[in-house]
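Read through the structure below, which is laid out as structure tokens, and then see the notes.
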Amino acid sequence: MMDKQCEELAFPVLFPRGRFGYNVDRDVKLSPVKYFNARLLHYTGRFATNPEYLFFAQFIIEQKKVYDSINIALKKVYSQPVSANQLRSNVQSLQNLVCQDQAYLFLRQIPGTPSYWQKFMYEVVAMVKQLGIPTWFMTLSCADLRWPDLFQIIARTQGKDISDDEVDKLSYKEKCDMLNLNPVVVAKHFQYRVETFFKEVLLSKANPIGKIIYYALRIEFQMRGSPHLHALIWTSDSPELNNDNKQAYIDYIDKHVQAFLPNRETEPHLHDLVKTYQKHSHSKTCRKYKNTRCRFNFGQFFTNRTIVAEPLSDDIDEGLKMKTLEKQNEILISVKEIIDDVLNPSKPNYDPTFTDSDIFNKVGITEDQYYTALSISPGSDYELHLKRPTDSCFINNYFIAGLKGFAANVDLQPVFNHYKCITYVCSYFTKDETECSQAIMNAAKEAKATNMTIRDGLKKIGAAFLSTREVSSQECVYRCMPELWLRKIFPAAVFVSTDLPDKRVRVAKSQQELKELDDDSTDVYKSNITERYARRPHSIPCIDNLCLAEFAAYYYKDYKKESQETGDAQPEILTDNMLESQQTSQNEDFSLPDKIRLL
């Protein structure tokens, strides 16, 4: 990798003349991201369809990001009063100020690293703390094998036009080969599909899951390598679940979420979609946790109405409460066993004609006993049982507009308590590569144990990250191409340090900037949000009255970039402007200037 012509020598088929690799001196200098983005979008497709080249590109891009992040991390220091002359004459004085805890978080800016996902988790937790719990947790899966338009796009890149009938005639192996050989097209298509789905369906005036005001999105990759999306979504029209408006909450859920198999005669298209994408079949992932038959809790309980289960009152005698919960557990376990045995479409003794009365008779309970058991929550918070007939115990939650619009598995779960919300955040939003995390931790421990310099220690951690990742070809594309995002939130989260001034971490100016300062100058740090807040124009009353948190929320420094990495990328569809237009100001008279000049 250190050879100046390593790219040309490693891929002679792609560079038959052995020229014009990423290390070539050009009149217009290209960053690795810009260079490899151009290569992967080459009109012939020969770079994008070479998996070895994809992983090579990812390594070079991330290696550059690691080295750049190390240089930035070594400029993060505690805010101590030192002069420009001291730092110029004694570089070691700067090293002595380096905040080691911050330095070892240098991988936070590199997509896909454990530190990157940890930072994302903190941002989502901050959103929950300030905006309240979200309304929905949504998952969009990738049904690439069932999207005929995707295969038509791939064929078009090869100079062919194929019809829907020709796509249907492709064998499973032929479809897999087309997808595996074109990871760039598949990854970009999924992103385009997700963003278009948000714009044209979720954020449309129809508001199929309510009026969306905030979201937090994460792209994750399945074992087979395809992407899928997890999303926490806040809506402005959802009632809060409590004793006073329980029925209003049930009506809201029933309006937006379905969990049943539609009638084949009256709704044939929707019936086929639900049966194709929403029917749950037990697999190895169901048994991820020990002593759990299905971690997704299928088959679900049937019910003729949506039920909000409530915990027993604290006024009830403890002994009576235990007895009631034991009886409830006994009834529901017995019903669950019959559901798993008779109502599971994947089992040979599946009987779709089996009714709820048949189940009650077989268990030896009445309908009232069953619904009483369902109405009790064994925990300390509410539980929700969606309206679901007996033939739909293995049908996953969905919403009609989502299923028709995205044409893939769509899971929509209501979120109504903090515990459930944090469970989703920790379980789905912070997943990372366990082996990579362990390797980074081991490298950090070894660096500290052997008293390495901070720079050498960071290099060791960076090397551990670069050499222990496990990614699919599509995830590789996401990490290489700047227009493809792994996470996206609205509104953005900004960290503001509230430590004492001498404990705050600052970024030191470069040596070139220090040379331009007077010897006695103490202006040796880059400006931060706290400093900019102090320099706000006091002559404008509405700006002068802002607190630090408001200033950080409404204003950011306008950095002028000489070159945009994504300047030649596909247009971004899901922009912040779309949601900003839906925001309603709590105080219509409250207005701030778009831009301000600092003192």
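The residues of the chain are indexed from 1 along the displayed sequence. All values reported here derive from a predicted model rather than from experimental measurement.
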(request) Look at the side chain of Asn23 and the backbone N and O of Gln5, then say whether any donor-acceptor pair between them is shorter than 3.5 Å. (result) no
(message) With ring-ring contact (aromatic ring centres under 6.0 Å, His included) as the criterion, how do Phe394 and Phe296 come out once you've worked through the C-alpha distance, each side chain's angles and the decisive distance to 0.1 Å?
(response) CA-CA 10 Å; Phe394 284 81; Phe296 305 107; over 10 Å; no
(request) Indicate the atoms forming the closest heavy-atom contact of Arg146 with Thr276, along with that distance. (result) NH1-CG2, 3.4 Å
(message) Taking the basic N atoms (NZ, or NE/NH1/NH2) and the acidic carboxylate oxygens, is any pair closer than 4.0 Å for Lys173 and Asp177?
(response) yes
(request) Evaluate the criterion ring-ring contact (aromatic ring centres under 6.0 Å, His included) for residue pair Phe11 and Phe56; output intermediate values, then yes/no. (result) CA-CA 10 Å; Phe11 302 98; Phe56 172 84; 5.4 Å; yes
(message) According to side-chain contact (heavy atoms from CB on, under 4.5 Å), who are the partners of Ser497, at least two apart in sequence or on a separate chain?
(response) Phe495, Asp499, Arg504
(message) Show the nearest heavy-atom pair for residues Tyr277 and Ala143, with the distance to one decimal.
(response) CE2-CB, 3.8 Å
(request) Without swapping roles, check the side chain of Arg26 against the backbone of Phe20 for a donor-acceptor pair under 3.5 Å. (result) yes
(message) I'd like to check the salt bridge (charged side-chain N to carboxylate O under 4.0 Å, His left out) partners of Glu513; sequence neighbours left out, ordered by chain and number.
(response) Lys526
(message) For Asn182 and Ile153: C-alpha separation, side-chain torsions, deciding distance, then whether side-chain contact (heavy atoms from CB on, under 4.5 Å) applies.
(response) CA-CA 10 Å; Asn182 296 274; Ile153 291 170; over 6 Å; no
(request) Compare all side-chain heavy atoms of Leu574 with those of Leu217 and state whether any distance is below 4.5 angstrom. (result) yes
(request) Among Phe36, Tyr35, Phe55, find the residue that satisfies the side-chain contact (heavy atoms from CB on, under 4.5 Å) test when tested with Ile60. (result) Phe36
(message) Run the salt bridge (charged side-chain N to carboxylate O under 4.0 Å, His left out) test against Asp594 and tell me which residues pass, sequence neighbours left out.
(response) none
(request) Please report the closest heavy-atom contact between Val415 and Trp136, naming both atoms and the distance. (result) CG2-C, 3.8 Å
(request) Apply side-chain hydrogen bond (donor to acceptor under 3.5 Å, both in side chains) to Asp68 and list each qualifying residue two or more places apart in sequence or on a separate chain. (result) Lys64
(message) Looking at Glu475 and Gly225, would you say the former's side chain and the latter's main chain have a donor-acceptor pair under 3.5 Å?
(response) no
(message) Please report the interatomic distance CZ(Arg218) to OG1(Thr139), rounded to the nearest 0.5 Å.
(response) 11.5 Å
(request) Please name all residues satisfying side-chain hydrogen bond (donor to acceptor under 3.5 Å, both in side chains) with Thr450, sequence neighbours left out, ordered by chain then number. (result) none
(request) Decide yes or no on ring-ring contact (aromatic ring centres under 6.0 Å, His included) for His280 and His282, but give the supporting numbers first. (result) CA-CA 7 Å; His280 178 82; His282 290 311; 5.2 Å; yes
(request) Could I get the full list of side-chain hydrogen bond (donor to acceptor under 3.5 Å, both in side chains) partners for Tyr53, not counting sequence neighbours? (result) Glu7
(message) Listing request: all salt bridge (Lys or Arg N to Asp or Glu O under 4.0 Å) pairs with a residue in residues 10-19, at least two apart in sequence or in separate chains.
(response) none
(request) Taking the side chain as every heavy atom from C-beta outward, state whether Ile154 and Leu179 have any atom pair closer than 4.5 Å. (result) yes
(message) Under the rule for side-chain contact (heavy atoms from CB on, under 4.5 Å), what residues qualify as partners of Met138, not counting sequence neighbours?
(response) Leu140, Phe198, Leu202, Leu229, Ala231, Ile233, Phe399, Leu412
(request) Using the test side-chain hydrogen bond (donor to acceptor under 3.5 Å, both in side chains), find all partners of Asn396 that sit at least two apart in sequence or belong to another chain. (result) Asp411
(message) On a heavy-atom basis, which atom in Leu54 and which in Cys476 lie closest, and how many Å separate them?
(response) O-SG, 3.1 Å
(request) Would you please name every residue forming a side-chain contact (heavy atoms from CB on, under 4.5 Å) with Lys460, sequence neighbours left out? (result) Ala443, Glu446, Met452
(request) Under the side-chain contact (heavy atoms from CB on, under 4.5 Å) rule, collect the residues that match up with Ala155, sequence neighbours excluded. (result) Lys160, Ile162
(request) Scan for ring pair (Phe, Tyr, Trp, His ring centres under 6.0 Å) pairs involving residues 466-487, sequence neighbours excluded, and state none if there are none. (result) Phe221-Tyr478
(message) If I compare all heavy atoms of Leu458 with all of Phe106, which pair ends up nearest, and what's the gap?
(response) O-CZ, 3.4 Å
